[in-house]
Amino acid sequence: MTADQYWAQEEAYERSMFGGKLNPSLLDLKHLNYLDLSFNNFSASPIPSFLGSMKSLTSLNLSNAGFVGVIPHQLRNLSNLLFLNLESSSFSGLYVNNLQWLSGLPLLQHLDMSYVNLSKASDWLQVTDTLPSLFELRLSSSQLPFIPPTPIVNFSSLLTLDLSGNQFENTSIPSWIFGLRNLVSLHLSDNYFQGPIPVGLHNMTSLRHLDLSENNFNSSIPNWLYSFSRLEFLNLGSNNLQGTISSAIGNLTSAISIDLSFNELGGKLPRSLGNLCNLREIRLSYNKWSQEISEILESLSVCLSDRLEILDLSHSQLHGHLPDDLGVFKNLVQLSFRDNSISGPIPVSLANLPSLTYLDFSNNHINGTLPQNFGQLKNLVKLVLWNNSISGPLPDSFGNLSSLTYLSLRNNQLEGTLPQNFGQLSKLASLYIDSNMLKGVVSEVHFSNLTSLRNFDASGNQLTLKASQNWIPPFQLESLYLRSWNLGPKFPPWLCSQRHLHFLDISYTRISDVVPPSFWNLSSQFQILNLSHNLIHGEIPNSPVVLSASVIDLSSNHFKGPLPCISSNVFMLDLSKNSFSRSISHFLCFRMNEHKYIGHLNLEKNLLSGIIPDCLMKWNNLGVLNLGNNNFSGSIPSSMGSLTSLHSLHLYNNTFSGTLPSSLKNCKELVIIDVAENRFAGNIPSWIGQRCTSLKILNLRSNYFHGHIPKELCALASLQILDLSHNKLSGNIPRCVKNFSAMATNNISDYYLNPYRSSFIFGATLPLESAWLVIKGHIFEYSTILPLVKSIDFSKNSLSGKIPIEVTSLQGLQSLNLSYNLLIGSIPENIGAMGSLESIDFSLNQLSGQVPSSMSSLTFLNHLNLSNNNLTGKIPLSTQLQSLDPSSFIGNKLCGPPLTNSCTTNGVKPNIRSKDTSGLEVDWFYVSMSLGLVVGFWGVCGPLLLNKQWRMMYFQFLDHIGYKLKSVVL
């Protein structure tokens, strides 16, 4: 089936449904006793009241037919009705005000009003209890508010009761239900019932089907439940059950299906579970069995090797290797061991399971190669092996998996090329082979018969696609991820044939071409569009194209010209590291009457210029705004203060001037402010410390700020990076710096520095926050480890006074730069308490006194500059200090290593060089000491090495001395 045929079939199915309104001419069928209009599309049409006049009807099925509105009370006239199914196709479809009309149906045996809104039908129990012949009552997900605590009911014939999915106000099961001794099937799932499993169920021994799943029962499984010998289907999943499973479970001899998944059960699975010879389905996932997988499978093979059809032990803390005889379970249809710690290879015998349709071993530690006989699984529909350590090539036999619709091998270590016979998997809809080590050429042959393919992710491999310029693929994709492939140098023209493509990532694919206009015409269909990290050039047309994908990443290319216009629905736009130029006004002021949904805008490192227009009022969902490294000028518009969700503001390396507008105080969510390398002036605003209390990075480097450092900044307890360098600040360093709590510990509060709870939005990975920081005398861009950095830089100002001793309380600080100021006094004696310091720069100040001895305890220190001060005395001894370059200490009156000046008790001893040695001086003390060491070593050890007899006598002497010492001590 081709893609066009697939969509045509979908449309044909919709056209085959009846719709519109029912014609009253149905009344002419006076002897009609069976009417089934289910699964049609009478949308926006109520159930016609004239159906109540069809009094010969014994069976009426209107389920999932799209009817809406109130159910007509005229249905009460259908007094011969035995079967009535009004199950709604949605919560908002059908409803009733009461159920009194049901009393007119005395012969009714089967009633299904699931998903009908019964929230107003407080009489539901009272009315249904009057139906003497009723043996099946289904009111699932009907918004019933509560179960009346009626002491006695008359459901003498009732065999099936389904009240699931109503989430009753009752927290316990009413006692009248326990009196329904004839019940065969009881469904009470998803109702918020709490406490232990009620003992009242103990007498309902006729039950064959019991479903108590999706509640909050928090007891162990009661022993009396194991005595239900007639029980065929037991579902206690998605509760909070604890404890172990008793060996008495072997008494459930009629059991066909057992579901205990999503609980807190633990211990070992009892071997008696394998004695339930009628068992077909076992679902025990999301518990804590902590057992070897081979032990479980061995116990189940006793009686179930040719019966078991479904086995799910996912997320159960299982370990060990898969047994070689896994293939003995001949009738397995579904097998899942995902999210465990199972290791070893996949057994070859697995291919002996001819009925297997679903196999999931994902997220384990499975290694080895894929069995070559995998192709024998002709009925396999879904194969999931992602996130293991499977290596080697993809077996050629995969091409024989003719029923396969879903294949995920992502995040393994697969090698080699993609087999050509993958192209024969005509039913394959989803293929995920990303994050492996596949190499080689992929051609049109690999896709020749993939007519059903909808989702293809092969990112993170080193594959090269070679297709003709006029190739039209046989598929119509919805998602395509080919990151790191070689698709270039031409832009792939076949992409323009994909009319249903919503998610596209062809980043890092070596394309160095212009995007064809026919591709931009498809832009409205995308939800994710990623063309980043290529060499794509040319302009993006502004008319008629308006980019509308939720996530757009065109960064790191050579796009030029004006910025493209975007739809109001765009959430993330990254156009950074291109050559876009001209003004930004048309971009920000486009469709000013529309509210912008965008939360992440990155225009960093382009050639944009001009002022920022005052058009930001409608952009107040912005969480990240990066305009850094452009040619913008002028002042910041006051409308930037309307960005009340702003989390990260990057304006660095432009020529902005004026003061920071006071309207920014409205941006209380700010975590990053980076306005470095501009021409801002005035005092540092005190409101930064008063209003932006979540701030973690404040970078004002290289501007014209003057005045004192405001003490209000000390209120920024979360601050990790503070850079005020290269300004005109004066006055003292505030002693309240001790209040920078985040710098006082090594804790990491938020790794991603991200305004969103997840780094994945709409299925795309958001770029990490980054900042340019001067650390250890060099400027670097930090991104991945940015949340780990803790730094203060006050250098190149006119700060005066002493270094406050309070700074030593910042024991998580890694870099401290106070150079190029007018600081006086001594270095704080307790600086050694700042154990995380890697870089200190106090150079070009007027510091005096000695280098504190505690500095020798700074074991992480690898960059120190104390040059050009008035320091005196001896440099403390430590591995770090003596390994530094002597230039770190020049311009002082210091002595001792690493300086060549040696110290005397009275100060510095002159360094007198011999005129005869041209500056090279030989210290004979060290020479004679070295010679003495060599001679002494070989004088003693040499004879012992060369003469065996002497060696034996020497060790005997040592033993004798050892014994004598031992006797003295004892």
Side-chain angles (χ1 to χ4, degrees), residues 5-121 123-124 126-128 130-144 157 160 162:
Q5 288 172 331
Y6 171 84
W7 292 107
Q9 189 179 66
E10 288 287 310
E11 293 171 1
Y13 174 73
E14 292 181 4
R15 287 197 301 269
S16 69
M17 294 180 176
F18 290 119
K21 295 183 178 181
L22 290 179
N23 196 310
S25 60
L26 281 172
L27 293 174
D28 296 336
L29 304 173
K30 298 185 181 299
H31 302 290
L32 187 69
N33 57 29
Y34 182 94
L35 178 59
D36 187 344
L37 297 174
S38 61
F39 292 95
N40 282 290
N41 187 18
F42 300 105
S43 58
S45 173
I47 297 174
S49 58
F50 68 76
L51 290 179
S53 301
M54 303 181 72
K55 297 184 178 180
S56 297
L57 283 179
T58 61
S59 178
L60 176 61
N61 190 347
L62 303 180
S63 64
N64 297 290
F67 287 114
V68 298
V70 65
I71 295 175
H73 63 83
Q74 287 85 352
L75 293 182
R76 69 177 299 156
N77 299 325
L78 303 177
S79 56
N80 293 314
L81 209 60
L82 304 175
F83 180 99
L84 176 60
N85 192 341
L86 299 175
E87 180 183 355
S88 181
S89 55
S90 66
F91 285 105
S92 59
L94 294 170
Y95 69 94
V96 298
N97 291 318
N98 60 67
L99 289 176
Q100 288 299 318
W101 53 272
L102 280 175
S103 59
L105 310 176
L107 303 180
L108 197 63
Q109 298 176 355
H110 175 107
L111 174 62
D112 191 342
M113 298 183 69
S114 299
Y115 292 94
V116 175
N117 187 345
L118 303 181
S119 60
K120 296 181 180 179
D123 59 348
W124 69 271
Q126 175 187 349
V127 174
T128 55
T130 63
L131 302 174
S133 302
L134 194 66
F135 65 79
E136 184 168 6
L137 175 60
R138 297 187 181 275
L139 303 177
S140 174
S141 301
S142 297
Q143 304 181 51
L144 293 171
S157 301
T160 298
D162 186 352

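One-based numbering along the sequence shown.
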Quick check: does any side chain N or O of [X] sit under 3.5 Å from a backbone N or O of [Y], one acting as donor and the other as acceptor?
X: Ser114; Y: Ser140; answer: yes
X: Asn97; Y: Lys120; answer: no
X: Ser103; Y: Trp101; answer: no
X: Thr58; Y: Asn33; answer: yes
X: Ser79; Y: Lys55; answer: no
X: Asn117; Y: Tyr95; answer: no
X: Asn77; Y: Leu75; answer: no

Can you find a pair of side-chain heavy atoms, one from [X] and one from [Y], that are under 4.5 Å apart?
X: Thr160; Y: Arg138; answer: yes
X: Leu137; Y: Leu131; answer: no
X: Gln100; Y: Val127; answer: yes
X: Leu78; Y: Leu84; answer: no
X: Leu26; Y: Phe50; answer: yes

| field | Stepwise side chain to side chain contact (heavy atoms under 4.5 Å, CB included) check, Leu60 with Met54 | value | CA-CA 10 Å; Leu60 176 61; Met54 303 181 72; over 6 Å; no
| query | When you look at Leu81 and Leu107, which way does the side chain to side chain contact (heavy atoms under 4.5 Å, CB included) test go after all the steps? | reply | CA-CA 6 Å; Leu81 209 60; Leu107 303 180; over 6 Å; no
| Asn61 CG to Phe39 CZ distance, which is reported to the nearest 0.5 Å | 8.0 Å
| Nearest 0.5 Å, what's the CG-OG distance between Leu144 and Ser119? | 8.5 Å
| message | Walk me through whether Leu22 and Phe67 qualify under side chain to side chain contact (heavy atoms under 4.5 Å, CB included). | response | CA-CA 11 Å; Leu22 290 179; Phe67 287 114; 4.0 Å; yes
| field | Test side chain to side chain contact (heavy atoms under 4.5 Å, CB included) applied to Leu29 and Leu35, step by step | value | CA-CA 11 Å; Leu29 304 173; Leu35 178 59; over 6 Å; no
